[in-house]
Amino acid sequence: MPDKPTAPARAMRLGVAGPVGTGKSSLIATLCRALSGELRLGVITNDIYTDEDARFLKSAGVLDPERIRPVETGACPHTAIRDDVTANLLAVEDMEADFGPLDLVVIESGGDNLTATFSPALVDAQLFVLDVAGGGDVVRKGGPGIARADLLVINKTDLGEHVGVDVERMTREGREARGGSPVIALSRHDEASVRSLTGWVRDTLARYRTGEHTPVDPGPMAPHFHPDPHGEEAHPHNHAHGQEPEHAGQPT
Ligand SMILES: Nc1nc2c(ncn2[C@@H]2O[C@H](COP(=O)(O)OP(=O)(O)O)[C@@H](O)[C@H]2O)c(=O)[nH]1
Ligand SMILES: [Mg+2]
C-alpha cells in the first residue's frame with residue numbers, strides 16, 4: 001500500500017450549484033476569463049429544456065465554444081446532478097476524450113432551489129452560490145449546499161446597498177452557518193474578490209492533484225414538493241426522481 005495519497009489522472013470536476021439567477025453562469029464566465037490562460041478548461045451546463053446557459057457562455061467568448069457543452073436535464077435539474085448523474089458523467093468523459101488532458105471541468109447545475117447539491121460521484125468539489133439580491137436572510141435558512149459545500153459564494157455584493165442588504169453581516173452569518181468553512185463575498189466588478197475565487201480554485205486543484213482533497217457529500221435534498229401536472233394536490237416526496245417519470249412537473 002502506498003503511504004502517500006495517489007495523484008488522480010483526470011481533470012478535477014468542480015460543481016457550481018445554487019438557485020436560479022444567483023450568477024452561476026456569470027461566475028463560470030469569470031473563472032474561464034481568469035484561468036483559461038493557465039489551465040485547460042471544459043464546461044458542462046445543465047439546463048431544463050434548453051441550452052441557454054451553454055449559449056450564454058459561448059457568446060461570452062471566454063472559452064473555445066467546443067469546450068462548452070449542454071446537458072438537457074428534463075423537468076428536475078437536481079436529478080441529473082444527484083440521483084442519476086449518468087448524462088453528466090458521459091458529457092465530462094466525452095469532453096476529456098475530445099480535448100484531454102484537461103485540468104478542470106466546471107459543471108453548472110440547472111437552476112434549482114436551495115437544497116440541490118451535486119453527488120460526489122459526479123464532482124470532486126462544489127461551490128454553492130447565493131446572491132445578496134435574494135435577501136440577507138437566505139444564509140440563515142441553511143440547507144446542505146449552504147452549510148457543507150466546499151465553498152459558499154455570496155455573489156453580487158455590488159448590489160448590497162441597492163437592495164438594503166448588509167453584505168458583511170450576510171458573509172459573517174454564512175461563516176457561522178458553515179462552522180468556519182470558506183465563504184467568498186464576490187462581485188464580478190470587484191477584482192480582489194475575483195482573485196479570492198480564482199485563488200480558492202487553484203488551491204483546491206493543487207490539493208486534488210496531490211490527493212489531499214477529499215470529495216465531500218454535502219448531504220441529500222430535504223423532502224420537497226412537486227406540483228402535480230394533472231392538477232391534483234401537490235405531494236411531498238423524498239426521491240428518487242429518476243424512477244418517477246409521472247412526477248415530471250415544474251422544477252423544484
Ligand atoms: N450586479 C451584478 N449582477 C450580476 C453579477 N453576476 C451576475 N449578475 C447578473 O445576474 C443575472 C443572473 O446571472 P446568471 O449568471 O445568468 O445566473 P444563473 O441563473 O445562476 O446562471 C444576470 O443578469 C447577470 O448579469 C454581479 O457580480 N453583479
Ligand atoms: Mg446559468
Side-chain angles (χ1 to χ4, degrees), residues 14-35 41-63 65 67-81 87-88 91 105-118 122-123 126-136 138-139 143 145-146 149 151-168 170-171 174 183-201 250-252:
L14 173 66
V16 178
V20 181
T22 51
K24 298 180 295 299
S25 298
S26 307
L27 181 152
I28 292 170
T30 299
L31 279 182
C32 291
R33 209 172 282 121
L35 295 173
L41 301 174
V43 174
I44 307 290
T45 64
N46 279 254
D47 283 301
I48 303 173
Y49 299 119
T50 67
D51 60 354
E52 190 67 38
D53 283 332
R55 282 196 286 123
F56 163 77
L57 285 167
K58 286 178 185 176
S59 69
V62 290
L63 199 63
R67 290 168 183 249
I68 303 168
R69 290 189 180 163
V71 168
E72 286 186 29
T73 60
C76 299
H78 47 263
T79 301
I81 62 162
N88 270 293
V105 178
V106 185
I107 306 174
E108 178 180 352
S109 77
D112 214 308
N113 68 11
L114 280 175
T115 65
T117 55
F118 284 87
L122 176 60
V123 297
Q126 57 189 295
L127 55 88
F128 198 86
V129 187
L130 293 177
D131 70 350
V132 302
V138 180
V139 274
I146 292 173
L151 174 69
L152 175 65
V153 173
I154 311 272
N155 201 14
K156 309 188 200 175
T157 54
D158 56 292
L159 295 181
E161 59 184 315
H162 304 292
V163 294
V165 169
D166 180 340
V167 174
E168 276 180 26
M170 191 173 173
T171 309
V183 179
I184 290 178
L186 180 74
S187 165
R188 66 181 172 203
H189 306 294
D190 171 3
E191 280 181 30
S193 73
V194 171
R195 279 196 299 277
S196 296
L197 177 68
T198 52
W200 179 86
V201 172
Q250 296 299 308
T252 54

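In each ligand, atom 1 is the first atom listed, and ligand 1 is the first ligand listed.
- At the top of the distance list for atom 1 (N) of ligand 1, counting protein heavy atoms only, stands Asp158 OD2, 2.7 Å.
- Note that NZ of Lys58 and CG of Leu63 are 10.5 Å apart. Values are rounded to the nearest 0.5 Å.
- The nearest protein atom to atom 10 (O) of ligand 1, hydrogens excluded, is given as Lys156 NZ, 2.9 Å; this is a heavy-atom distance.
- Contact atoms of ligand 1 toward Glu108: 21 (O) (distance under 4.0 Å to a heavy atom of the residue).
- In terms of N/O distances under 3.5 Å, ligand 1 is not approached by Asp53.
- The shortest side-chain heavy-atom distance between Leu186 and Val194 falls under the 4.5 Å cut-off.
- Counting only residues at least two apart or on different chains, the side chain to side chain donor-acceptor pair (under 3.5 Å) pairs with a member in residues 151-162 are Asp131-Lys156, Asp158-Ser187.
- Shortest non-hydrogen contact noted between Ala185 and Thr171 is CB-OG1, 3.8 Å.
- With sequence neighbours left out, the side chain to side chain contact (heavy atoms under 4.5 Å, CB included) criterion links Ala91 to Ile44, Val71.
- At least one N, O or S atom of Ser25 sits under 2.8 Å from the Mg ion (ligand 2).
- Of the polar atoms of Phe56, none of the N or O atoms is found under 3.5 Å from an N or O of ligand 1, judged by distance alone.
- The Mg ion (ligand 2) has an N, O or S atom of Glu108 inside 2.8 Å of it.
- Under the 4.0 angstrom criterion, atom 22 (C) of ligand 1 counts as lacking any protein heavy-atom contact.
- Of all atoms in ligand 1, listed by their number and element, those nearer than 4.0 Å to a heavy atom of Ser187 are 27 (O).
- Asp53 lies close to the Mg ion (ligand 2), since one of its N, O or S atoms is found at a distance under 2.8 Å.
- For Gly23, a nitrogen or oxygen atom sits less than 3.5 Å from a nitrogen or oxygen atom of ligand 1, counting backbone and side chain alike.
- Both the backbone and the side chain of Thr22 come within contact range of ligand 1, each with a heavy atom under 4.0 Å.
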